[in-house]
Amino acid sequence: MAEAIIEEICDFLQKGRAKNVKKLVEEALEQGIDPKVILNDGLLNGMMIVGGKFKRNEVFVPEVLVAARAMNVGLSILEPRLVEVGNEPIGKAVIGTVKGDLHDIGKNLVAMMMKGAGFEVHDLGTDVDAETFIAKAQEVGADVICMSALLTTTMPNMQTVVDTLKEKGLRDQFIVMVGGAPVNESFAEQIGADYYTADAATAAETAKTAVEAKVA
Ligand code: B1M
């Protein structure tokens, strides 16, 4: 039963059928299926299959776009179940996908996990330039700046944020975290970011540890 509904979520996600995905995710939650199973085996699995087809030119941007929309609808249903926010925020974070980059699913997941870890999260969306990241971080008194990039061509825009922080004499005020499929540890080191993490849950854990260490 649980396997059947998860398979259906995965199938409808690939077809970009947001309404069906929404309905089935709600049904799966009502059936008591673990939200993490719905996320990983249903939604993310479906997106991975679409990603593979996109790479092999079996589907194209419009199909990927509708699948991504269905993914974000599914995520919004899961969010309250994945995120149990405490009363006092443990820190503040600004998050966005860097300039030139419109991919937001991974960034949304990181934002969600950060909220779950107790952060007050300010989500700047996609295509965010250095000035916007920094202005928002200063405005809200952020502890952490989180940047996501999915394109090799937009990764250098993470460096621009770090360099602009240095130019403004603000580098020491913020913990800078980077991630996204093409990003890795050595790139993070090379651009002078503080942390690279491979997935959303690890990003949230790392941010929490880093903020606690800063306060101590
Ligand atoms: Co795009 N796309 N796309 N795309 N797309 C990729 C990234 C690509 C790898 C596909 C491929 O060719 N195999 C390829 C990039 C190649 C490269 O740069 N080397 C690509 C391309 C080429 C493009 C276009 C240029 C295509 C075109 O127009 N010809 C174009 C660019 C548009 C732009 O941004 N300017 C484009 C457009 C699109 C859509 C709009 C159609 C859509 C995005 C819709 C949306 O996001 N709302 C889309 C999608 C969906 C994808 C794929 C299929 C899926 C990405 C995704 O959401 N994955 C992707 C193929 C792939 O990745 N296999 C592809 C699921 C998500 C959960 O994973 O974001 O990696 P991810 O997040 C992970 C981790 O990386 C990590 O946490 C998450 C897991 O827990 N993480 C962080 C992410 N951010 C983090 C930050 C952190 C820490 C961890 O700290 C702060």
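Numbering of ligands and ligand atoms starts at 1, following listing order.
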query: V50 and E63: side-chain contact (heavy atoms from CB on, under 4.5 Å), yes or no, with the steps?
result: CA-CA 8 Å; V50 174; E63 288 98 322; 5.9 Å; no
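Note that atom 16 (C) of ligand 1 has no protein non-hydrogen atoms nearby, at separations under 4.0 angstrom. There is a protein heavy atom closer than 4.0 angstrom to atom 86 (C) of ligand 1. Less than 4.0 angstrom separates atom 64 (C) of ligand 1 from at least one non-hydrogen atom of the protein.
When T152, V144, I95 are checked for heavy-atom proximity to atom 19 (N) of ligand 1, T152 turns out nearest. The option from V59, T202, L150 that lies nearest to atom 7 (C) of ligand 1, judged by heavy atoms, is L150. Heavy-atom proximity to atom 20 (C) of ligand 1, evaluated over L151, T153, V98, T206, is greatest for L151. Across the listed options A93, A198, A207, G51, G51 owns the non-hydrogen atom lying nearest to atom 60 (C) of ligand 1.
Within 6.0 Å of atom CD in E7, 12 or fewer heavy atoms from other residues, nucleotides or ligands are found, so the atom counts as exposed in its surroundings.
Heavy atoms only, all atoms of each residue included: F119 and A204 are closest at CE1-O, 4.3 Å. Looking at every heavy atom in both residues, A70 comes nearest to V21 through O-CG1, 3.8 Å. In terms of heavy atoms, V128 sits closest to G96 at CG2-CA, 4.2 Å. In terms of heavy-atom proximity, A149 sits nearest to P182 at O-CD, 3.2 Å. Contact record, L43 with G74: CD1-C, 3.9 Å, taken as the closest heavy-atom pair.
Looking at atom 84 (N) of ligand 1, its nearest protein heavy atom turns out to be S148 OG, 2.8 Å. Closest to atom 49 (C) of ligand 1, if we only count protein heavy atoms, is V64 CG1, 3.3 Å. Nearest to atom 33 (C) of ligand 1 among the protein's heavy atoms is L102 N, 3.6 Å. In this structure, the protein non-hydrogen atom closest to atom 80 (O) of ligand 1 is A200 N, 3.0 Å. From the protein, the heavy atom lying nearest to atom 40 (C) of ligand 1 is L65 CD1, 3.6 Å. Atom 11 (C) of ligand 1 has its closest protein heavy atom at F54 CD2, 4.2 Å. Nearest protein heavy-atom contact of atom 29 (N) of ligand 1 is V61 CG2, 4.2 Å. If you check which protein heavy atom lies closest to atom 73 (C) of ligand 1, you get G106 CA, 4.3 Å.
Paired with I95 under the rule side chain to side chain contact (heavy atoms under 4.5 Å, CB included), one option of V110, I145, N108 passes, and it is V110.
Checked by distance only, ligand 1 and T197 stay at 3.5 Å or farther apart across all their nitrogen or oxygen atoms.
Counting atoms of ligand 1 from 1 in the listed order, those under 4.0 Å from a heavy atom of M177 are 91 (C). Atoms of ligand 1 lying under 4.0 Å from any heavy atom of M47, numbered from 1 in the order shown and given with element: 50 (C). Near L109, meaning under 4.0 Å from any of its heavy atoms, are these atoms of ligand 1: 67 (C). Close contacts between ligand 1 and A181 involve ligand atoms 70 (O), 75 (O) [criterion: under 4.0 Å to a heavy atom].
Under the 3.5 Å distance criterion, the side-chain polar atoms of K115 are left unmatched by any main-chain donor or acceptor of V83. Distance alone, capped at 3.5 Å, places no donor-acceptor pair between the N45 side chain and the N40 backbone. Of the possible donor and acceptor atoms, one in the side chain of N184 sits under 3.5 Å from a partner among the backbone N and O of F187.
For the 3.5 Å distance criterion, the side chains of N157 and T154 fail to qualify, holding no donor opposite an acceptor. A donor and an acceptor atom, one from each side chain of T132 and D129, are located under 3.5 Å apart.
Residue contacts with ligand 1, taken as heavy atom pairs separated by less than 4.0 Å, do not involve A67 at all. Counting heavy atoms under 4.0 Å from ligand 1, residue D104 touches it through both backbone and side chain. Looking at L44 against ligand 1, only its side chain comes within 4.0 Å, counting heavy atoms. Counting heavy atoms closer than 4.0 Å to ligand 1, residue A68 contributes side-chain atoms (C-beta onward) but none from N, CA, C or O. Contact annotation for M147 and ligand 1: only backbone heavy atoms (N, CA, C, O) come within less than 4.0 Å of the ligand. By the criterion of a heavy-atom distance under 4.0 Å, the side chain of A203, and not its backbone, is placed next to ligand 1. Contacts between V110 and ligand 1 below 4.0 angstrom, taking non-hydrogen atoms only, involve the side chain exclusively.
Residue contacts with ligand 1 include G180, since one or more of its heavy atoms lies under 4.0 Å from the ligand. For the ligand labelled ligand 1, residue G52 lies outside the 4.0 Å heavy-atom shell. At least one heavy atom of D101 sits under 4.0 Å from some atom of ligand 1.
A salt bridge links D194 with R171: at least one charged nitrogen is closer than 4.0 Å to a carboxylate oxygen.
How far CD1 of I38 is from CG of L29: 4.0 Å, rounded to the nearest 0.5 Å. Within the model, atoms NZ of K99 and OG1 of T126 stand 11.0 Å from one another, a figure rounded to the nearest 0.5 Å. In this structure, M177 CE and S148 OG are separated by 11.5 Å, a value rounded to the nearest 0.5 Å. Taken to the nearest 0.5 Å, the CD1 atom of I5 stands 5.5 Å off from the CD1 atom of I33.
Within H103, the N, O or S atom lying nearest to atom 1 (Co) of ligand 1 carries the name NE2.
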